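Quick caveat: nothing in here was measured; it's all calculated off a predicted structure.
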Amino acid sequence: MKRSFFPFFLQTIRIHYQDPELAFYTKGVLGLLWLVQLPVALWYGAPAQVYALLGAMLLAIGVDLVPFPRQHSRADDYVTSAVMLVCCFVLFWKASIGYFSVFFLLIYLFCNVFILGIAGSAPFSLLGLTGVMLCLRGVLVADPATRYGADFVPRLPFLFLCILGIAYIITFFIQRYWVEKLQQHVILQARIDAERARLSEMSLKVITAMYSALSSKVPEVDLHCEQVAALTQELARRMGLDETACRDGYYAGLLHEVGAVGLPDAVLQNRQLTEEQFQLYQTYVERGYAIILQLQIVDRVAETVRFHREWYDGTGYCTGLRGEEIPLLARILAVADFTDRHRRWDETDAEIAAALTARAGTEFDPVCVEAMKTLLQ
């Protein structure tokens with residue numbers, strides 16, 4: 001598929017850093033390089049300032065590496081890079097160990113690209129190059145030719161630009177791989193979502209067929225489920241849940257009776273159940289939970305159906321959850337189911353609100369009850 005160059009180029013440059021292990025090992029290499037420079041400084045008889053700067057860089061890298069990978073943050077990398085920039089520039093500026101001092105800043109800027117990525121390292125690279133030019137132009141150093149070598153001074157800017165250019169080119173290809181991987185993930189996720197939607201649609205058609213069969217035993221059960229679904233969705237929306245949760249609440253309301261398929265007529269059509277019949281009736285929520293899982297509908301929908309018969313005080317069925325242990329959507333569904341059932345028994349909204357109030361804190365979540373009472377007004 002043909003893509004526009006500039007948007008892809010900008011996305012590649014600005015992509016969030018994706019490889020903490022690369023940064024980790026690059027910092028480890030830098031730490032080893034600074035450690036090796038200690039005997040070099042001793043060989044040159046460097047002043048104490050060089051050891052202090054090398055020690056500061058080793059300490060910064062050590063502190064940055066210790067918490068990897070669990071507690072590490074990108075802010076740690078930026079602080080470490082800032083410390084090393086200052087230390088490397090002072091070493092370059094003072095040239096305390098001859099022309100070797102040049103390579104501290106050069107090596108740091110090269111490695112920093114792999115630690116922070118293109119966008120993150122660019123400000124540090126600009127600051128470093130600006131400092132180098134100020135030194136070489138005689139702004140910060142009175143006689144750069146004497147300090148860095150007459151032959152070395154005119155070549156240094158070109159050397160810095162070449163080395164940094166190589167680092168940025170390599171990193172660009174690394175980050176291009178991240179972008180392409182991210183785009184492939186987005187495409188794959190879209191296909192997965194589309195397939196899930198297709199499966200959910202097929203599953204709902206299967207369940208609709210089940211309800212058609214159930215309607216022959218329990219009149220208008222399909223209409224009851226549609227009303228409960230609408231009530232659950234509206235109640236969830238009024239309680240501030242996001243649209244995904246509201247949609248899941250709708251599906252849970254639509255499917256909450258599916259487990260009744262297969263129950264005997266004597267259980268489904270009788271409001272005065274014997275103890276044995278009631279125990280059999282209670283199995284419908286677990287049956288519904290199993291059916292929804294097998295049909296590969298969203299897990300939260302299955303969970304909501306499974307727990308919507310739990311009581312707020314823990315005396316419900318099937319698992320004895322209580323209070324906020326019961327998923328919020330299940331608590332909402334319980335109130336919506338109760339409301340629609342009593343409407344079908346020709347009770348007024350005022351009578352339903354009174355019945356809900358009487359059961360608040362025992363059967364139902366008081367917060368859900370208050371939200372439903374507001375809806376009923």
Minimum-distance pair of heavy atoms, taken over all atoms of [X] and [Y]:
X: Leu164; Y: Phe110; result: CD2-N, 4.1 Å
X: Tyr289; Y: Ala302; result: CD1-O, 3.2 Å
X: Ile352; Y: Thr339; result: CD1-O, 3.7 Å
X: Ala236; Y: Leu329; result: CB-CD2, 4.3 Å
X: Glu310; Y: Leu321; result: OE1-N, 3.2 Å

- Where do Arg147 and Asp143 land on the salt bridge (Lys or Arg N to Asp or Glu O under 4.0 Å) test, with the steps shown first? CA-CA 6 Å; Arg147 181 168 294 187; Asp143 188 1; over 6 Å; no
- Query: More than 12 non-hydrogen atoms from neighbouring residues, nucleotides or ligands closer than 6.0 Å to CZ on Arg341, yes or no?
  - Reply: yes
- Atom CD of Glu351 with >12 non-hydrogen neighbours under 6.0 angstrom: yes
- Query: Has the side chain of Trp34 got a donor or acceptor atom that lies under 3.5 Å from a matching backbone atom of Met57?
  - Reply: no
- Query: Is the closest side-chain donor-acceptor distance between Asn112 and Ser81 under 3.5 Å?
  - Reply: yes
- Message: Can you confirm whether the side chains of Thr304 and Tyr251 place a donor and an acceptor under 3.5 Å from each other?
- Response: no
Spacing of [atom1] belonging to [X] relative to [atom2] belonging to [Y], to within rounding of 0.5 Å:
X: Met239; Y: Leu328; atom1: CE; atom2: CG; value: 5.0 Å
X: Lys27; Y: Ile61; atom1: NZ; atom2: CD1; value: 9.0 Å
X: Gln227; Y: Thr232; atom1: CD; atom2: OG1; value: 11.0 Å
X: Leu109; Y: Leu126; atom1: CG; atom2: CG; value: 10.0 Å

- Using the test side chain to side chain donor-acceptor pair (under 3.5 Å), find all partners of Thr315 that sit at least two apart in sequence or belong to another chain. Asp313
- Shared ILVMFWY cluster between Leu91 and Leu35, side chains joined below 4.5 angstrom? yes
- Query: In terms of hydrophobic clusters joined by side-chain contacts under 4.5 Å, are Tyr177 and Ile15 together?
  - Reply: yes
- Do you know which of Thr171, Ile170, Ile169 makes side-chain contact (heavy atoms from CB on, under 4.5 Å) with Phe173? Ile169
- Give the intermediate values and the outcome of side chain to side chain contact (heavy atoms under 4.5 Å, CB included) for residues Thr244 and Arg247. CA-CA 5 Å; Thr244 301; Arg247 182 200 62 199; 3.5 Å; yes
- Among Arg359, Arg331, Arg322, the one residue meeting salt bridge (Lys or Arg N to Asp or Glu O under 4.0 Å) with Asp365: Arg331
- Message: Between Tyr148 and Phe92, is the ring centroid distance below 6.0 Å?
- Response: yes
